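Remarks on the structure that follows.
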Amino acid sequence: MFEVPDTAGTKLFLGAISQSGDSTCTILRKRAVSANDCKEQLSKVINGCDTNSISRKYGGVSATKCMAWIVHIDGIRSAVKQLDAPWSCSLLVKEDSLGCACTDVPLPTTPISTAGQQIAVASYIHPLADSDAWARLIKYPKEKVSVLVANVVNGPDTAVNDDWKKVISKAFDNGKKVIGYVRTGYLGVSDKHYKTRLGSTDLADWASQIERDVDMWYQLYPGTIGGIFFDEGWNDCGPSNVYAELYRHINENTKRKYPGAFTVLNPGTTMPKCFENSADTLMTFESSYETYTTKYVPNDWISTDSRKFWHIIYNVPKTEVNRIAALARERGAGLIEITNDVLDNPYDNLPDDAYMQEQMNAVDGGIPPVADPLSFPAGGRPPASPPGGLTVTGFEYTSVGLSWTPVADADGYRVYLDGAAALSLTAAMTRVTIGNLSPGTSKYTFEVTALGGDGSESGKSNSVSSETKTPPTKGKMVVNVKASTSAASTTYQADILVPYAFTRLYVWDSDIGCDFEKSPGWPVNYNTDNYVCTHYMVEGEKLYQFTGKVSSSTINVPWAWTEIPGGVKVEQNGYTYKWTIPIGTSTTDTSKFVIQTEGYGPKTNVFQPCPMLGSGPEGNGRYCA
């Protein structure tokens, strides 16, 4: 698809059809069509159908090498008069029997430039884990490596991380667009029905968590965050486009609150056109080199700006970097990341400098696209009145639930927290849970307004107030910790009062350090000088065994774990979590363990039994069960 200059949105399409009905063309039925083919044939189709008109040219059909090249204007196919002739011209005029449109300006003879392809990196590498990787990412030319994704704990957390702050600031100072990672959980509607951190699958609660995380990025790293990376994007439009419209609503709210925000929505696969306005850039491919070269599925629509699409291709040999970059360009991807890293996590390592130089040489460079928020439609009506009946439906340690009465003709609602706009919700949402609140707070105040289709806002609803619960023991967010062992399995249990981003469970065997020569393990400190030596870890529903190698020259113990088949049974009932692992006392002493939590609450390490060297756990989130 090519944009027609000096027109109001007129677009020229070029289609290719294989002439498989001709027996001489049988071997070419599966012929690939390259960008160079399109460029050459577009010129022939346009200029081969020239007329005496100075102000316009007419599209038509070119038949060459068993392919028919057909011009469309604004997506309407031109008439096909003769496929057996070298040139078959179909004048595209308003009076055409097919209702084809025409343009009153000369059409381009070559496609719009593909210059501007650039590298965007899902840089999930912790700054302390590989400081050299971040130094290189920051130093690379901003025109070539233009976008970096910051990801602290599957989101921003609720407190500044000084290590991330340093690299975000340095990258910003070097002209990079650093965008913050926000999980959208496929809006809770995928087959796995992912839940928010507060345990909900409700659309309003997902919208609430997403928007609160967006605000937190800008609050914690003001002036340096350049946008938002919305991960785990759902790619089904939904009934009446409900899911696409929710993403569009969130995107518009982000751009109105934070002018200049660059937004990306990532389903990692193709997206219908209903998502066109859901973000500046859509990630429509995120998979392996093998899939990209043998099983690639294109989007069913094309953007006039290739920067609309971002492709990530992993496990790419260095010798193939140039070809894959060119292939991505042909497929309309203006943003790319090519890496030789592999699953399970292709984002935890940056390729070496020679590989990155190869990739930078393969792209022209540019800047990411940043669109303004869409204008409100003409004739949109204001809301009739403020919402009524605002009520607190419940409160927990870090959240408060609200509901209110719908307003006729409302286009959406805005929720205020202590006088500041906290959420923007769609018209169908009249109840919500607000998270990221502080435990033990005596009073939060809320109001709600209705939003009109013209962008106006009603007066505020009645005001309501709520507290949040106070933990039973100050400073302890993980309580009632215990284990039940048998020879073949072990069940662990704990009450976790805060919706952490990560909860890990480690099994340890020694509180006097690791024997790194005979039985290396992962150290978990219980005070500054002492640690327990762990050999097994539970994360999510997976059980891992430590497999790192440690030598006398090792400075930092490697984070190296191998998954053990069988998995972990995880149960949740309110605050209470249970983990049952398929190993017991016949394998090791599974009664010794640590529960570790991180993100969206104070970092915690809870030890059972209590290690005692150096007076035992020192506090600051380290304590005994």
Side-chain angles (χ1 to χ4, degrees), residues 116-184 210-233 250-251 254-255 257-266 279-283 286 307 310 312 334-337 339 346-351 356 359-360 363 365-371 501 599:
Q117 189 182 53
Q118 58 212 263
I119 299 166
V121 181
S123 43
Y124 302 165
I125 306 164
H126 194 283
L128 291 182
D130 192 345
S131 58
D132 174 70
W134 270 100
R136 288 192 287 127
L137 286 170
I138 292 167
K139 185 178 179 180
Y140 290 143
K142 65 179 183 296
E143 297 81 9
K144 299 282 186 155
V145 181
S146 60
V147 178
L148 304 176
V149 182
N151 186 3
V152 180
V153 282
N154 273 359
D157 205 345
T158 51
V160 174
N161 183 299
D162 289 333
D163 300 314
W164 279 97
K165 181 179 180 180
K166 290 174 184 176
V167 295
I168 291 171
S169 297
K170 288 180 180 178
F172 171 80
D173 291 341
N174 280 271
K176 304 299 171 69
K177 184 75 75 171
V178 184
I179 59 178
Y181 179 100
V182 170
R183 178 174 179 251
T184 75
I210 293 165
E211 292 185 3
R212 295 285 284 163
D213 280 2
V214 169
D215 290 344
M216 193 61 67
W217 274 113
Y218 282 90
Q219 176 184 326
L220 297 178
Y221 306 98
T224 56
I225 284 294
I228 299 296
F229 181 86
F230 296 106
D231 197 24
E232 296 183 359
I250 292 169
N251 183 62
T254 300
K255 287 180 170 292
K257 290 185 77 171
Y258 308 106
F262 170 55
T263 56
V264 177
L265 178 59
N266 174 31
D280 292 316
T281 293
L282 306 173
M283 187 178 292
E286 184 183 8
R307 298 172 302 171
W310 179 358
I312 291 182
L335 275 68
I336 61 170
E337 178 180 358
T339 178
Y347 310 114
D348 59 352
N349 291 290
L350 183 69
M356 290 300 297
Q359 189 173 176
M360 286 187 286
V363 301
I367 58 174
V370 178

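A quick note: this is a predicted structure, and the numbers were derived from the prediction, not measured.
Contact of the K144 side chain with the Q359 side chain is not registered, since no non-hydrogen atoms from C-beta on lie closer than 4.5 Å. When side chains are defined from C-beta on, V145 counts as touching V121, because their heavy atoms get closer than 4.5 Å. Using a 4.5 Å cut-off on side-chain heavy atoms (C-beta onward), Y221 and W164 make contact. Counting heavy atoms from C-beta outward, I168 and I225 have side chains that approach closer than 4.5 Å. Counting heavy atoms from C-beta outward, I119 and V363 have side chains that approach closer than 4.5 Å. Side-chain atoms of E232 and N266, non-hydrogen and from C-beta on, never get closer than 4.5 Å to each other. Within the 4.5 Å cutoff, side-chain heavy atoms of S146 are placed close to those of Q118. The shortest side-chain heavy-atom distance between I367 and F262 does not fall under the 4.5 Å cut-off.
Closest non-hydrogen pair, T339 versus P351, comes out as OG1-CG, 3.5 Å. Nearest heavy-atom pair across I210 and R183 is CG1-O, 3.8 Å. Closest heavy-atom contact between L220 and P156: CD1-O, 3.6 Å. Across every non-hydrogen atom of P127 and D163, the tightest pair is CG-O, 3.7 Å. Of all non-hydrogen atoms in A171 and L148, the two that sit nearest each other are CB-CD1, 4.0 Å. Across every non-hydrogen atom of A261 and Y218, the tightest pair is CB-OH, 3.4 Å.
Taking a 6.0 Å sphere around NZ of K165, one finds it holds 12 or fewer heavy atoms contributed by other residues, nucleotides or ligands.
Checking side-chain atoms of T224 against main-chain N and O of F172 turns up no donor-acceptor pair under 3.5 Å. Using modelled atom types, one side-chain atom of N151 and one backbone atom of G155 make a donor-acceptor pair closer than 3.5 Å. Here the side chain of K177 pairs no donor or acceptor atom with the backbone of K142 at under 3.5 angstrom.
For Y181 and Y124, the distance between ring centers is under 6.0 angstrom.
Between the OH atom of Y140 and the CE atom of M360 there is a distance of 5.0 Å, given to the nearest 0.5 Å. One distance of note links CG of L350 with OG of S123; it measures 9.0 Å at 0.5 Å rounding. N161 contributes atom CG, which lies 8.0 Å from atom CG of L128 (distance to the nearest 0.5 angstrom). Distance check, rounded to the nearest 0.5 Å: CG of D157 to CH2 of W217 gives 9.0 Å. Separation of atoms CD1 (I336) and CD (Q117) is listed at 4.0 Å; rounding is to 0.5 Å. To the nearest 0.5 angstrom, F229 atom CZ is 9.0 Å from L265 atom CG.
Among the candidates D213, V264, I250, the single residue satisfying the side-chain contact (heavy atoms from CB on, under 4.5 Å) test with F230 is I250.
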Please assess D162 against K166 for the test salt bridge (charged side-chain N to carboxylate O under 4.0 Å, His left out), listing each intermediate value before the final yes or no. CA-CA 6 Å; D162 289 333; K166 290 174 184 176; over 6 Å; no

Test E286 against W310 for side-chain contact (heavy atoms from CB on, under 4.5 Å), laying out the working first. CA-CA 9 Å; E286 184 183 8; W310 179 358; over 6 Å; no

Given the rule in the side-chain contact (heavy atoms from CB on, under 4.5 Å) test, do V214 and I228 qualify, once you have shown the distances and angles that lead to the verdict? CA-CA 7 Å; V214 169; I228 299 296; 4.0 Å; yes

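For K139, there are no side-chain hydrogen bond (donor to acceptor under 3.5 Å, both in side chains) partners, not counting sequence neighbours. A search for side-chain hydrogen bond (donor to acceptor under 3.5 Å, both in side chains) contacts involving Y258 returns D215, not counting sequence neighbours. K255 is linked by a side-chain hydrogen bond (donor to acceptor under 3.5 Å, both in side chains) to D280, counting only residues two or more places apart in sequence or in another chain.
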